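Read through the structure below, which is laid out as structure tokens, and then see the notes.
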Amino acid sequence: MPTLWLVVSLLVLSAAGFVFGRQRAMSSAEGNAKELHSLPSYYGHNVAFTTLLPALGALAIWLLVQPMFIESRISQLIPEELAPDRQTLGLVMSDVGRVAEGLDVAIAKGALSADEAKSLRTELTDVRARLGEVGVALGADVRPEVLEAAQQYRVMSKTGNVLMAVFVAVLALGGFSWSYMQTHKDFRARNVVEKGILSLLILAASLAILTTIGIVLSMFFETINFFKLHNAADFFFGRTWAPNFRGDSELSILPLLWGTLYVSVIALLVAVPVGLFAAVYLSEYANNTVRAFAKPLLEILAGIPTIVYGLFALLTVGPLLVGTFGKGGFLGVEWMAGATSVLTAGVVMGIMLIPFVSSLSDDIINAVPQAMRDGSLGLGATRSETIRQVVLPAALPGIVGAILLAASRAIGETMIVVMGAGAIAKFSGNPLDSMTTITTRIVSQLTGDTDFASPETLVAFALGLSLFVLTLGLNVLALYIVRKYREQYE
Amino acid sequence: MNDMQFTDRAVDQKETKIAAHGVNVHYGEAHAIKDVNVEIEDKTVTAFIGPSGCGKSTFLRCLNRMNDTIDICNVTGNILLDGEDIYDKRVDPVQLRAKVGMVFQKPNPFPKTIYDNVAYGPRIHGLAKNKADMDEIVEKALRRGAIWDEVKDRLDKPGTGLSGGQQQRLCIARAVATEPEVLLMDEPCSALDPIATAQVEELIDELRTQYSVVIVTHSMQQAARVSQKTAFFHLGTLVEFGHTGQIFTNPEDPRTESYITGRIG
């Protein structure tokens, strides 16, 4: 709550800064706006931003750092015998947090006075019962060390919050007065505002990049933990995927990779011809009316959530395939046992990728200059000859890029394979067999209730990182090809 | 009945390659070409001149039905090639374009090798029996395009790597390779420097011995240099058509005179 008030007062101060900055600029030019270096509102914006942005930034950083700092100080208070290793320490620390929170609630409800909360002793009071009365449930009796740590925790966060408010207020007022003093008719407010906006944009871009790096790093460290517990050679070169919750599992990526690639290849076999032909029709043959109607319709496919495709695979395509290839089916063969199979998932994923391939290829085909088509038609070629021999070769690098992007989507796709491909990890060439993929295994390894520190759970991170490396490689390759192609015509 | 007479006359004169009668072109609502009549002779260079937007390029594109590729374009009237109406339902525009070749304003070599650029048309129309035959066709076309000496050692290099003037001569060679009867050129030198322009003009003069050439140009000097007949278009109508010398020295229509002396344009 105090943070909210802090932000509100910052905003008010900054709004006041706008008004005062503008006024001061105008009065320094004796009311004649033409005397000013910049438009009057730039002076206002300068004061407003200088007041607001550093203070807000400091507030955000403080809010991130303070809990970490306090936590590390408090954890030193916890005696060794209570928390012998890092994991129990984590549990004790969350106990401390809960007790501190409980004390806050108790004070807020009037069940305890602030002084009482500070001087509580486990020897004198049943803390668990007292907190239970105000609705804070604790799992076990509170140990004296924990209570003491919780009290210390409250004290520290309280001082921290006060310090934060003071610091932020000083920063805001400092920014306000500094920029207000600077405001003068010769001051280049416009250039300063320009720089401020530039730094905001850079901040947004670097946040996005830093997040990506953070995601990769978090996966990377868990992967290292996994390889400490499990043999890397088995992971990369083993032949069996057999997680065993009693430990000693065989966790090899290869059968999963096989399933992933098999499903993706089938998906591309569906998506590439259909998507490409649709793109050729839409960009080369269809008249404006048809295009205006058909293109959005095709792109609706891209807006369908993948879980819905999963349902489609499970309830429609799977049974249809069983009805054809399964026992008592249409062909009278008995090749398919259940509705989940590589083919089911592949076909449905292919349908999902059609708009992806077609809309990228459409853009690329449209980027081929009309002069190329004219040249070919002018020599007496038919439209399809022109497309086959001139347009598609010219667009080929871009189309290959589009296909690679589609492939990386297919490899990373989860919901359709969870519902359509099955759960059995094996090497098999039969597309009617049920198989499993990397993404499905990540889901099942992380949603079980195994110990988080076991290799059976941590393998999910190694799988995730491998998947990331695979799709990243494909994306980089695709972007490289597409970019190289673009240089050719622009 | 009327049509028959026109056809008869075209046959009688023998020199006439293309005869256009009462041609009107509409782009949607806009009336781009208004009732144009013109007769283009064989083995002659005919220049179309006129200010921008006067319809000369549009009319040129009517002659090989390139306007068919534009949805909203509507052509009426008749255009006879060797006495046959090219807008007749029985005529295949694709076949027609093989007979009436076209060179465009901007050099547009395909992103293929020089050899494949030239061989493109002959391959489509099956003009070569074997590889040696094709080599011969390609060499002949490149020689006629006056570019053989410059590219004979780099036939397997991409055509897009040539200079602008070389690219345009490659495009001319490419058009010539399909053995057309008429060659349409839509401002073929507007993207070229003066030296390349001179080379292409020289080439056009040589092509006259075998083909009927129709050239659209913005440069009146160019029209005067390369053509024997000149047609002046203004606001979609054909104002005057006659021998080049006469158009440039003694025009009948005051609008033609104003244009060639630079007062309208």
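Chain identifiers are assigned alphabetically (A, B, ...) following the order of the sequence lines, protein sequences preceding nucleic acid strands; residue numbering begins at 1 within each chain. The shown structure was predicted, so the numbers you read here are calculated from the model rather than taken from an experiment.
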TODO: Name the option with the most non-hydrogen atom pairs under 4.5 Å to chain B; the candidates are A/T382, A/N287, A/V390.
DONE: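 Between A/T382, A/N287, A/V390, the count favours A/V390.
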If I measure from the heavy atoms of chain A, does [X] come under 4.5 Å with its side chain, its backbone, both, or neither?
X	answer
B/F104	side chain
B/V103	neither
B/P109	backbone
B/R174	both
B/K99	neither

Open item on the list: Using side-chain heavy atoms (C-beta onward) and a distance below 4.5 Å, is B/Y87 in contact with B/C62?
Closed with: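 Heavy-atom side-chain distance check passes, below 4.5 Å.
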Task: Note: B/E187-B/K106 ion pair, threshold 4.0 Å (strictly below) - done: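 Salt bridge flag = no for B/K106 with B/E187.
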TODO: Flag the pair B/E150 and B/R169 as a salt bridge only when some basic side-chain nitrogen lies within less than 4.0 angstrom of an acidic carboxylate oxygen.
DONE: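 Salt bridge present between B/E150 and B/R169.
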Atom pairs and distances, side-chain donor-acceptor, residues 295-309 of chain A, under 3.5 Å, sequence neighbours left out:
residue, atom, partner, partner atom, Å
A/K295, NZ, A/D362, OD2, 2.7
A/Y309, OH, A/L301, O, 2.6

Task: Donor-acceptor contact present, side-chain A/S361 to main-chain A/S358, <3.5 Å - done: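 Side chain of A/S361 to backbone of A/S358: no pair is present.
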